[in-house]
Every structure is written in structure tokens, then in C-alpha cells.
Amino acid sequence: QVQLVESGGGVVQAGGSLNLSCAASGFPFSSYYMSWYRQAPGNERELVARITSSGRANYQESVKGRFTMSRDNVKQTTVLQMNSLKPEDTGEYYCHAMPPDRTVGSWGQGTQVTVSS
């Protein structure tokens with residue numbers, strides 16, 4: 001049974017930093033692509049960052065240079081380091097695991113990030 005548990009969300013002032021963690025279990029983590037998505041009320045869920053099984057990360061343009069995604073295949077976790085946060089980064093952040101066959105995969109429950117101005 002796939003399990004993804006996000007943590008690290010909270011409230012931070014603009015310009016601050018926050019680290020989100022996703023703890024994974026129940027699947028061969030090292031062979032999966034891992035992603036972070038976010039969703040604000042009234043908006044569609046959008047991809048923030050994605051990291052391949054080999055550790056190559058790519059980012060949504062709006063967060064490039066401010067966010068860093070990494071993974072630890074031993075601890076089976078992925079981390080999103082968020083720096084220079086802006087109010088528009090506010091939203092519910094979700095961890096997603098995509099298997100090698102590129103089916104829809106699984107979602108975590110989400111963690112709230114609020115950036116105040």
C-alpha cells in the first residue's frame with residue numbers, strides 16, 4: 001500500500017524559507033519520479049517541481065532559483081526547500097509518486113503553506 005506523508009508546512013512571512021518533506025513507503029521509491037504540486041483555492045493544481053529516479057530536478061518557472069527539490073533513496077524521502085517565499089506561493093502542497101510505467105501514481109494528503117505579506 002502506497003503511503004505518502006507530507007510535513008513541514010506552516011506560516012511564513014514573505015522572503016522567508018520553509019522546507020517540505022514527503023516520507024514514502026509501500027513502493028520501490030528509488031525507481032519512481034517524485035513531484036511536488038500545489039493548489040490554491042479556486043485554482044487548478046499545478047506542478048511545482050519534479051525529480052527523476054536519478055536525481056535530476058526541474059521546476060516551474062516561477063519558482064526556479066528559489067526552490068530546490070532533492071531525494072534520499074535510502075530514507076525514501078523527498079524534500080522541497082523553499083527560499084525567498086512570496087505570497088503567491090501560498091497553497092496546499094502535495095507530494096506525488098509516479099511509477100516507471102507513467103500511470104497516475106499516488107498522492108499524499110497535502111500540507112498547507114501560507115506566505116504572508
Side-chain angles (χ1 to χ4, degrees):
Q1 182 175 344
V2 173
Q3 186 171 352
L4 301 170
V5 181
E6 300 98 331
S7 61
V11 180
V12 65
Q13 291 187 334
S17 299
L18 205 60
N19 291 341
L20 305 182
S21 180
C22 174
S25 62
F27 65 97
F29 178 84
S30 62
S31 65
Y32 276 52
Y33 281 36
M34 301 298 297
S35 298
W36 286 97
Y37 289 76
R38 68 187 179 192
Q39 186 171 24
N43 295 125
E44 295 182 352
R45 189 170 298 183
E46 63 179 358
L47 177 66
V48 177
R50 175 167 288 159
I51 191 165
T52 69
S53 58
S54 63
R56 181 180 177 86
N58 52 45
Y59 305 91
Q60 181 194 108
E61 191 66 27
S62 67
V63 308
K64 192 173 183 179
R66 299 187 298 118
F67 291 11
T68 301
M69 188 176 182
S70 61
R71 67 189 297 158
D72 186 328
N73 287 340
V74 175
K75 296 182 177 180
Q76 297 191 114
T77 59
T78 183
V79 171
L80 184 67
Q81 301 177 79
M82 305 186 294
N83 301 313
S84 301
L85 282 161
K86 304 174 181 180
E88 51 262 45
D89 295 318
T90 293
E92 188 83 0
Y93 282 68
Y94 298 90
C95 182
H96 180 263
M98 184 175 70
D101 63 8
R102 299 185 179 182
T103 55
V104 295
S106 300
W107 294 93
Q109 84 289 346
T111 185
Q112 178 67 34
V113 172
T114 302
V115 184
S116 64
S117 59

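Only heavy atoms go into these numbers, but all of them, side chains included; no hydrogens, no water, no symmetry mates. Remember, predicted model here, so these are calculated numbers, not experimental data.
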Is there a chain of hydrophobic side chains (I, L, V, M, F, W, Y, each step under 4.5 Å between heavy atoms) that links [X] to [Y]?
{"X": "Tyr94", "Y": "Ile51", "answer": "no"}
{"X": "Tyr59", "Y": "Leu18", "answer": "yes"}
{"X": "Val63", "Y": "Val113", "answer": "yes"}
{"X": "Trp36", "Y": "Phe29", "answer": "yes"}
{"X": "Tyr33", "Y": "Leu20", "answer": "no"}

Closest heavy-atom pair and its distance - [X], [Y]:
{"X": "Leu85", "Y": "Met82", "answer": "CD2-CB, 3.8 Å"}
{"X": "Thr78", "Y": "Ser70", "answer": "OG1-O, 2.7 Å"}
{"X": "Leu4", "Y": "Met34", "answer": "CD2-CE, 4.0 Å"}
{"X": "Ala14", "Y": "Pro87", "answer": "CB-CD, 4.1 Å"}
{"X": "Ser17", "Y": "Ser84", "answer": "OG-N, 4.3 Å"}
{"X": "Gln109", "Y": "Val5", "answer": "OE1-CA, 3.7 Å"}

Q. Any chance the side chains of Arg71 and Asn73 put a donor and an acceptor closer than 3.5 Å?
A. yes
Q: Assign the ring pair Phe27 / Tyr32 to parallel, tilted or perpendicular, where the plane angle (0 to 90°) is split at 30° and 60°.
A: tilted
Q. Angle class for the Tyr93/Phe67 ring planes (parallel below 30°, perpendicular above 60°, tilted otherwise)?
A. tilted
(Q) Tell me if the CD atom of Gln13 is crowded by more than 12 foreign heavy atoms within 6.0 Å. (A) no
Q.
What's the separation between atom CD in Gln1 and atom OG in Ser25, rounded to the nearest 0.5 Å?
A. 8.5 Å
Q: Starting at OG of Ser35, measure out to CE of Met69 and round the result to the nearest 0.5 Å.
A: 5.5 Å
Q. Can you tell if the side chain of Trp107 reaches within under 4.5 Å of the side chain of Cys95, non-hydrogen atoms only?
A. no
Q. Hey, does the side chain of Gln60 reach the backbone of Leu47 with a donor-acceptor pair shorter than 3.5 angstrom?
A. yes
Q. Any sub-3.5 Å donor-acceptor pair from Glu6's side-chain atoms to Thr111's backbone N or O?
A. no
**Q.** Summary of salt bridge (Lys or Arg N to Asp or Glu O under 4.0 Å) pairs that have at least one residue in residues 37-50, sequence neighbours excluded
**A.** Arg38-Glu46, Arg38-Asp89
